[in-house]
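Single-structure report; data block below.
Atom set for the values below is all heavy atoms of this structure, side chains included, hydrogens, waters and symmetry mates excluded. Residue numbers count from 1 along this sequence.
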Amino acid sequence: MIIQKAELKDAKRLLEVQKIAFEKYALKYGDFDNNPYHMELDRMEFNIRYRFGQYFKVVENEQIIGGIFGFELDDPRIIKIAQFYLLPEFQALGYGTEILEYFIDQNKVANTWYIDTILQEEYNVNFYKKLNFEIIDEEVEHEGLTFVTMIKKLNR
């Protein structure tokens with residue numbers, strides 16, 4: 001597995017992979033505003049170019065299999081991870097931990113990390129908890145779908 005800065009030429013494939021990764025949530029929970037499954041190509045391109053953000057692609061056998069995008073929240077020491085995804089066949093193999101640790105390591109100034117995930121998806125919540133994120137907020141989107149905001153603080 002290789003983790004590299006995403007480029008505009010990667011946008012279409014990243015969007016395809018993101019749609020595959022988030023399709024199960026669209027089907028399970030119905031339509032909700034923040035589901036990356038519904039992102040358009042122009043938004044993906046915007047994220048890749050965003051000067052206060054960083055987009056990395058995950059490559060295996062010369063194919064993009066995932067991505068991670070985060071951006072500063074008014075301060076380079078505070079980063080929100082907005083999208084983080086892998087094709088289903090690459091999940092639960094340890095790649096996610098390696099990717100997230102790499103992303104955090106690339107941002108030596110940042111000491112506060114936020115991510116949102118779905119409370120009902122216990123695997124995802126436990127994944128972030130294992131990496132020392134903790135739940136700080138819950139927001140009910142609709143019956144059966146609650147988003148949690150998680151935070152990780154580093155001593156830097």
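Within the 4.5 Å cutoff, no side-chain heavy atoms of I151 are placed close to those of F133. Residues F103 and Q54 are in side-chain contact: their nearest non-hydrogen atoms beyond the backbone lie under 4.5 Å apart. Side-chain contact between L73 and I79 is absent, with no heavy atoms from C-beta onward closer than 4.5 Å. Between I99 and F84, some side-chain heavy-atom pair lies under the 4.5 Å cut-off. W113 is listed as a side-chain neighbour of L154, based on a closest heavy-atom distance under 4.5 Å. Taking the side chain as every heavy atom from C-beta outward, V140 and L145 never approach each other to under 4.5 Å. Two residues are said to be in side-chain contact when any heavy atoms from C-beta on lie closer than 4.5 Å; F147 and I118 meet this criterion. Put simply, the side chain of Y85 does not reach to within 4.5 Å of the side chain of F90, judged on heavy atoms.
Under the 4.5 Å side-chain heavy-atom criterion for Ile, Leu, Val, Met, Phe, Trp and Tyr, L131 and Y102 are members of the same hydrophobic cluster. Linking Ile, Leu, Val, Met, Phe, Trp and Tyr whenever their side-chain heavy atoms come within less than 4.5 Å puts I115 and F52 in one cluster. Linking Ile, Leu, Val, Met, Phe, Trp and Tyr whenever their side-chain heavy atoms come within less than 4.5 Å puts Y128 and I136 in one cluster. Note: the hydrophobic cluster containing I2 also contains I104 (ILVMFWY, side chain heavy atoms under 4.5 Å, direct or indirect links).
Proximity of the aromatic rings of F46 and Y50 is defined here by a centroid distance below 6.0 angstrom, and this criterion is met.
Taking both residues in full, the closest heavy atoms of H142 and Y29 are given as NE2-O, 2.9 Å, listed atom of the first, atom of the second, then distance. Across all non-hydrogen atoms, the minimal contact from Q18 to M44 is OE1-CE, 3.8 Å. Residue I48 comes nearest to A6 through the heavy atom pair CG2-O, 3.7 Å, listed as atom of the first residue, atom of the second, then distance. Closest non-hydrogen pair, K129 versus M150, comes out as CG-CE, 3.8 Å. The two residues N47 and Q83 come nearest to each other via the heavy atoms ND2-OE1, 3.4 Å. Between E45 and A11, the shortest heavy-atom contact is CG-CB, 3.7 Å.
Here the straight-line distance linking atom CD1 of I78 with atom CG of N107 works out to 13.0 Å at 0.5 Å rounding. Note that NZ of K5 is 8.5 Å distant from CD of Q106, once rounded to the nearest 0.5 Å. Between D105 atom CG and L100 atom CG the span is 11.0 Å, to the nearest 0.5 Å. The distance from the OH atom of Y55 to the CG atom of L8 is 12.0 Å, given to the nearest 0.5 Å. Here CG of L119 is found 12.5 Å from CD of E139. Values are rounded to the nearest 0.5 Å.
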Original post:
What do the steps show when you test E121 against K28 for salt bridge (charged side-chain N to carboxylate O under 4.0 Å, His left out), and what is the final call?
Top reply: CA-CA 11 Å; E121 295 297 321; K28 185 173 181 179; 2.8 Å; yes

Original post:
Step by step, would you call E141 with T146 a side chain to side chain contact (heavy atoms under 4.5 Å, CB included)?
Top reply: CA-CA 6 Å; E141 178 77 13; T146 302; over 6 Å; no

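A cation-pi arrangement, defined by a distance under 6.0 Å to the six-membered ring centre and an angle within 45 degrees of its axis, is absent between K80 and Y114.
Without hydrogens or angle criteria, K12 side chain to K9 main chain gives no donor-acceptor distance under 3.5 Å.
At most 12 non-hydrogen atoms from other residues, nucleotides or ligands lie less than 6.0 angstrom from CD of E122. By the 6.0 Å contact criterion, NZ on K24 is enclosed, its count of non-hydrogen atoms from other residues, nucleotides or ligands being greater than 12. Heavy-atom contacts from other residues, nucleotides or ligands closer than 6.0 Å to CZ of R49 number more than 12.
Using a 3.5 Å distance cut-off with no hydrogens or angles, the side chains of N124 and Y25 do pair a donor with an acceptor.
Classification of E16 and R13 as a salt-bridged pair holds, one side-chain N sitting under 4.0 Å from a carboxylate O.
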Would you mind writing out the side-chain donor-acceptor pairs for residues 58-72 within the sub-3.5 Å range, not counting sequence neighbours?
{"unit_1": "E60", "atom_1": "OE1", "unit_2": "M1", "atom_2": "N", "d": "3.3"}
{"unit_1": "E60", "atom_1": "OE1", "unit_2": "Y95", "atom_2": "OH", "d": "3.2"}

